[in-house]
Colleague: 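Handing you a structure now.
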Amino acid sequence: MHEMSLCESVLQVIEQQAEAQQFRRVTAVWLEIGALSGVEPEAMRFCFDVVMQGSLADGARLEIMDAPGEAWCLPCAQNVAVRQLYDQCPHCGSHQLQIVGGDQMRIKELEVE
Ligand SMILES: [Zn+2]
């Protein structure tokens with residue numbers, strides 16, 4: 001399950017932030033998960049609790065925000081919404097799409113004490 005290593009890198013970022021910004025406890029984490037990132041929100045929830053155990057984010061609430069997939073369509077010359085990788089353009093049916101959003105996972109916000 002690659003969500004486990006994703007949670008571990010989330011924890012690393014939190015620890016770095018804690019050092020830089022001098023906080024000791026994290027009570028909530030907002031994670032933005034792109035529709036095209038291939039990350040399973042449910043698996044993240046499961047791994048999150050396991051990975052955060054004993055860390056400064058032990059017992060922290062995990063809030064997951066969805067980020068819609070977005071791609072640049074070459075023929076249409078505009079951004080279009082896509083639900084999954086290798087989708088076709090909803091307007092012209094082209095596959096000449098370049099993903100421009102919703103393909104990653106990132107920490108949006110931390111609630112700290
Ligand atoms: Zn198009």
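Quick note: residue numbers are just sequence positions, from 1. Side chains are part of it too, since the values below use all heavy atoms of this structure and drop only hydrogens, waters and symmetry mates. Whatever order the structure lists ligands and atoms in, that order sets their numbers, starting from 1.
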Colleague: Who are the side-chain contact (heavy atoms from CB on, under 4.5 Å) partners of Gln21, not counting sequence neighbours?
Modeller: Gln17, Phe23
Colleague: Any side-chain to backbone donor/acceptor pair from Ser37 onto Met105? Under 3.5 Å, distance only.
Modeller: no
Colleague: Taking only protein atoms, how many N, O or S atoms are found under 2.8 Å from the Zn ion (ligand 1)?
Modeller: 4
Colleague: Between Met52 and Asp58, is any pair of side-chain heavy atoms under 4.5 Å apart?
Modeller: no
Colleague: Taking only residues at least two apart or on different chains, which pairs with a member in residues 72-81 satisfy side chain to side chain donor-acceptor pair (under 3.5 Å)?
Modeller: none
Colleague: Apply side-chain contact (heavy atoms from CB on, under 4.5 Å) to Arg106 and list each qualifying residue two or more places apart in sequence or on a separate chain.
Modeller: Glu32, Lys108
Colleague: Would you give the length of the straight line joining atom CD1 of Ile14 to atom SG of Cys7, rounded to the nearest 0.5 angstrom?
Modeller: 9.0 Å
